[in-house]
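Here the structure comes first, spelled out in structure tokens, and everything after it is commentary.
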Amino acid sequence: MPAIVLQLTRVGFLILLWLFVLAAIRVIRADLRAGAAAAGSGSERRADRGRRQSSNGGGTATAGARPVPGILVVTAGSMAGTRLRLGPGPILIGRAEDSTLVLDDDYASTRHARLVQHGQQYFLEDLGSTNGTYLDRARITAPTPVTVGVPIRIGRTVIELRP
């Protein structure tokens with residue numbers, strides 16, 4: 001094999017190796033930035049925990065109105081039966097330790113989805129997850145309103161909002 005071909009192969013391999021390293025660093029930096037943003041909202045979440053029950057009226061609704069979600073319930077998956085009281089702050093769902101609802105699911109991303117309250121309505125947003133977030137069998141790509149009793153599927157985990 002000519003020396004020039006061998007040298008070009010080595011240089012090409014070195015370039016590919018550096019591109020891989022730079023791509024890995026980019027992913028790690030993006031994950032750290034997302035973690036810092038979630039940690040910033042975590043202090044607000046802790047401050048709001050004491051006010052959650054009073055802010056949503058205990059999850060009750062007036063006659064003739066739509067039921068107001070008060071709790072988030074895991075209905076299927078390894079964490080079935082887990083309940084989380086809803087409040088005014090965003091709820092981060094994923095495998096990250098700083099998530100509001102930490103999932104033990106191999107098909108969930110580190111920061112998979114976010115549930116945000118606007119007025120009396122909750123909106124579900126996929127955070128660029130690998131396997132997607134599904135609301136009643138439909139994959140969501142933009143913030144989507146969630147009604148009480150409609151299943152939210154993240155990997156093998158199914159979640160519902162309940163009054």
Do any N or O atoms from the side chain of [X] and from the backbone of [Y] form a donor-acceptor pair under 3.5 angstrom?
| X | Y | result |
| --- | --- | --- |
| Q121 | V146 | yes |
| H112 | G155 | no |
| R85 | I71 | no |
| T110 | R95 | no |
| N131 | Y107 | yes |
| T82 | V74 | no |
| T133 | A113 | no |

Note to self: Between R111 and D98 (salt bridge meaning N to carboxylate O under 4.0 Å), is one present in this structure?
What the structure shows: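 So R111 pairs with D98 through a salt bridge.
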Do [X] and [Y] have side chains that get closer than 4.5 Å, going by heavy atoms?
| X | Y | value |
| --- | --- | --- |
| R26 | L22 | no |
| T141 | D126 | no |
| L161 | Y122 | yes |
| R29 | V27 | no |

Under a single-linkage definition using a 4.5 Å side-chain heavy-atom cutoff for Ile, Leu, Val, Met, Phe, Trp and Tyr, are [X] and [Y] assigned to the same hydrophobic cluster?
| X | Y | answer |
| --- | --- | --- |
| F20 | L16 | no |
| L19 | V11 | yes |
| L84 | V116 | no |

Note to self: Out of the candidates T75, V150, I154, I91, only one should pair with I159 under the side chain to side chain contact (heavy atoms under 4.5 Å, CB included) rule; please name it.
What the structure shows: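 Looking at T75, V150, I154, I91, the match for I159 under the side chain to side chain contact (heavy atoms under 4.5 Å, CB included) is I154.
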Interatomic distance, [X] atom [atom1] to [Y] atom [atom2] [nearest 0.5 angstrom]:
| X | Y | atom1 | atom2 | result |
| --- | --- | --- | --- | --- |
| R114 | L124 | CZ | CG | 10.5 Å |
| T100 | I93 | OG1 | CD1 | 8.0 Å |
| L127 | S99 | CG | OG | 9.0 Å |
| F123 | L115 | CZ | CG | 10.5 Å |
| I140 | Y134 | CD1 | OH | 10.5 Å |
| L103 | R156 | CG | CZ | 13.0 Å |

Next item on the list: Give a yes or no on whether D104 atom CG has more than 12 heavy-atom contacts from other residues, nucleotides or ligands under 6.0 Å away.
Entry: no
